[in-house]
Amino acid sequence: MDTEIELKFLLSDNEFPLIPGLITQFAKTVINKPAKNLKNAYFDTPSRELRALDIGLRTRCCDDTCEQTIKLAGEVVGGLHQRPEFNLPLESGRPNLLAFDPSIWPHGMQVDAINDNLFPIFSTNFIRRTWLIETEQGSKIEVVLDKGEVVAQGQVEAISELEIELVEGQRSDLFLLADHLINLSGMRLGLYSKAARGYRLADDKPLKPNKVIGFVPLQLDVTQEQAFAAAINYGIQFVQKHEQCYFDKPSLKTLKRVIDGITLIRHSFRLFSGIVDKSSTEHLRGELKWLLSELEWVENAIHLKTYTSKRHAYYKKINNAPELAHVIDDLKDVQPTSTDIEDLFHCARYNRLILALTRWLVDKGWRQNWDQGSLNAAQMPLSDVARSMFDRDWEELHELLPEGKVLTKEHYLHLRSRLENTLLNGNCLGELYDKESRQEFRTPWVDIVYGIYELGTLSYLTQLCQGQNTEALAEIQRWLEKKADFLVGAMEQSRSVSFKGFPYWR
């Protein structure tokens with residue numbers, strides 16, 4: 001068995017010729033292996049039983065030699081891929097699961113039945129160039145360039161990838177090489193394997209953005225440290241997933257999900273401050289702040305799109321006020337284009353941030369300044385910590401939103417950040433609890449936060465109306481005030497309901 005420890009990159013055609021020179025600059029020695037034309041077929045059952053177990057089965061032929069490969073469920077930590085892999089010679093065109101050591105299979109897997117129902121799902125065919133390098137520190141790293149295509153159900157996707165895999169030595173050298181390579185402007189870290197792309201193509205299930213940030217997957221018996229690592233890993237992969245979604249189909253809402261992932265990572269640093277010293281995250285926090293600043297226009301852009309949608313109630317009102325429509329059009333014209341955003345996701349600074357987060361996660365960088373108190377806190381069961389955190393939030397919400405007090409639009413707008421942070425605590429820790437109880441309790445609070453978001457929309461539109469003395473705009477401002485009053489009334493009802501809910505964590 002081999003265990004892959006590798007980083008994947010997606011790159012444009014312009015970057016391909018530059019890779020050999022960058023490798024030579026970095027390495028102490030370089031062995032250039034002959035290029036190979038690899039023909040691969042991926043097998044599964046009609047019901048995708050292997051896929052459900054996160055097992056990949058591939059046959060690969062090159063010249064007159066063929067082999068079959070099993071990749072078992074592994075681990076993706078940030079951008080680092082680690083998977084157990086088993087290879088055997090292939091005697092025919094069809095793979096045979098029974099040829100592998102039976103001890104490798106997950107408990108309960110029906111190997112015989114699956115083996116009888118295997119058929120090819122998709123193929124990947126590409127030219128592979130390979131270099132084996134040795135670093136100054138003595139580590140050996142394999143660098144692979146693949147250029148070709150994924151083919152499934154008559155559909156084709158291009159393959160243009162770089163993979164660097166640690167063969168022997170220090171994992172830190174793998175990250176140093178990655179940092180050296182991402183100076184290229186047309187390259188970015190890749191989250192998804194060729195197999196994952198092939199399955200999506202074969203099953204006609206394109207990658208789709210999430211509607212919300214979701215909940216960090218947690219086991220009931222996790223420690224505080226394990227929960228923190230899970231939250232950071234979830235946030236990194238959430239960002240990378242929606243980065244890819246944006247390349248597949250540019251959308252402002254997809255960019256908002258990127259922002260959500262970044263926000264979750266930053267929030268996790270604060271939430272777990274008992275085990276994460278500020279000094280260990282200073283650089284990361286600064287770069288996350290930079291990235292959020294690059295995307296701070298997105299929310300207003302979503303507002304503007306909302307105003308000009310024919311399906312929205314604002315549309316007719318705006319069309320009745322040409323001055324306002326003109327202002328909105330001018331604002332839309334100065335927004336970054338999809339090309340600008342793709343350039344951001346390709347730039348070295350962004351990719352260094354994703355790489356730095358991945359390395360910090362893999363190396364457990366938060367431990368560098370631990371004292372005994374931090375160690376004790378890290379080992380505490382999360383279930384013990386979560387309840388006290390939620391109780392504290394619950395008390396603060398009662399203070400911020402006292403039941404007997406009538407709140408105004410200004411109150412709600414001022415509370416937005418605090419309420420969002422409270423909900424993010426639930427996103428990080430809520431998986432410990434019953435899903436239905438959690439959802440029932442959170443729904444009115446989520447409604448309130450969405451209401452605050454809508455109030456922000458109305459306030460922004462009001463600002464655009466101000467300073468232009470026309471009757472049409474004055475009428476729109478009056479209409480906006482009525483909409484805001486109605487919305488606050490609905491939020492007050494949700495607040496009344498929310499305080500009657502039973503806390504799901506107790």
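Here the structure is a predicted model, which is why all the values come from computation and not from measurement. Here, residue 1 is the first one in the sequence, and each next residue gets the next number.
- Enclosure of atom CD in Q170 is not indicated, since only 12 or fewer non-hydrogen atoms of other residues, nucleotides or ligands lie within 6.0 angstrom.
- Within 6.0 Å of OH in Y453 there are more than 12 heavy atoms belonging to other residues, nucleotides or ligands.
- A salt bridge does not link K208 with D248: every distance from a Lys NZ or Arg NE/NH1/NH2 to an Asp or Glu carboxylate oxygen is 4.0 Å or more.
- A donor-acceptor contact under 3.5 angstrom links the side chains of Y350 and E243, judged on distance only.
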Practice problem: Dump the intermediate steps for ring pair (Phe, Tyr, Trp, His ring centres under 6.0 Å) on F269 and W360, then the final yes or no. | Solution: CA-CA 12 Å; F269 292 156; W360 190 76; 5.5 Å; yes
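- Atom CG of D393 and atom CG of N425 lie 4.5 Å apart (nearest 0.5 Å).
- Under a 4.0 Å N-O distance rule, the pair R438/D434 does not qualify as a salt bridge.
- Annotation for Q439: atom CD does not count as buried by contact number, only 12 or fewer foreign heavy atoms lying within 6.0 Å.
- Donor-acceptor pairing under 3.5 Å is recorded for the side chains of S374 and D371.
- For E6 and R83, the salt-bridge test fails: no basic side-chain N is under 4.0 Å from an acidic carboxylate O.
- The existence of a salt bridge linking R495 and D447 is excluded, since no basic side-chain nitrogen approaches an acidic carboxylate oxygen closer than 4.0 Å.
- Atom OG1 of T45 is separated from atom CD of Q110 by 12.0 Å, given to the nearest 0.5 angstrom.
- Residues T337 and D340 bring a donor and an acceptor atom of their side chains to less than 3.5 Å of each other.
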Practice problem: Begin with the C-alpha distance, continue with both residues' side-chain angles, and end with the deciding distance and a verdict on side-chain contact (heavy atoms from CB on, under 4.5 Å) for W366 and F272. | Solution: CA-CA 10 Å; W366 55 88; F272 293 94; over 6 Å; no
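- Residues D44 and Y199 have side chains that bring a donor and an acceptor to within less than 3.5 angstrom of each other.
- Below 30°, between 30° and 60°, or above 60°: for W394 and W445 the angle between ring planes is above 60°, a perpendicular geometry.
- Residues H303 and T457 have side chains that bring a donor and an acceptor to within less than 3.5 angstrom of each other.
- The aromatic ring centroids of Y246 and H242 lie 6.0 Å or more from each other.
- Looking at I121 and R48, their side chains come closer than 4.5 Å, going by heavy atoms from C-beta outward.
- Note on K194 versus E163: salt bridge recorded, some NZ/NE/NH1/NH2 to OD/OE distance being below 4.0 Å.
- By the 4.0 Å N-to-carboxylate-O rule, D485 lies too far from K482 to be salt-bridged with it.
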Quiz item: Would F86 and F100 satisfy ring pair (Phe, Tyr, Trp, His ring centres under 6.0 Å), going step by step from the backbone distance to the final call?
Solution: CA-CA 8 Å; F86 302 85; F100 291 92; 7.1 Å; no
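- Counting only heavy atoms from C-beta outward, the side chains of H267 and E420 never approach each other to under 4.5 Å.
- Taking a cutoff of 4.0 Å between a charged side-chain nitrogen and a carboxylate oxygen, D203 and R51 do not qualify as a salt bridge.
- Within a 6.0 Å sphere centred on NZ of K332, heavy atoms belonging to other residues, nucleotides or ligands number more than 12.
- Classification of E225 and K364 as a salt-bridged pair fails, no side-chain N sitting under 4.0 Å from a carboxylate O.
- Test L166, V167, L7 against I141 for side chain to side chain contact (heavy atoms under 4.5 Å, CB included) and you get one pass: L166.
- In the model, R418 has a side-chain atom that pairs as donor or acceptor with a side-chain atom of T422 under 3.5 Å.
- For Q372, the side chain to side chain contact (heavy atoms under 4.5 Å, CB included) partners are L375, N376, not counting sequence neighbours.
- Residues T254 and K249 fail the side-chain proximity criterion, which asks for heavy atoms closer than 4.5 Å.
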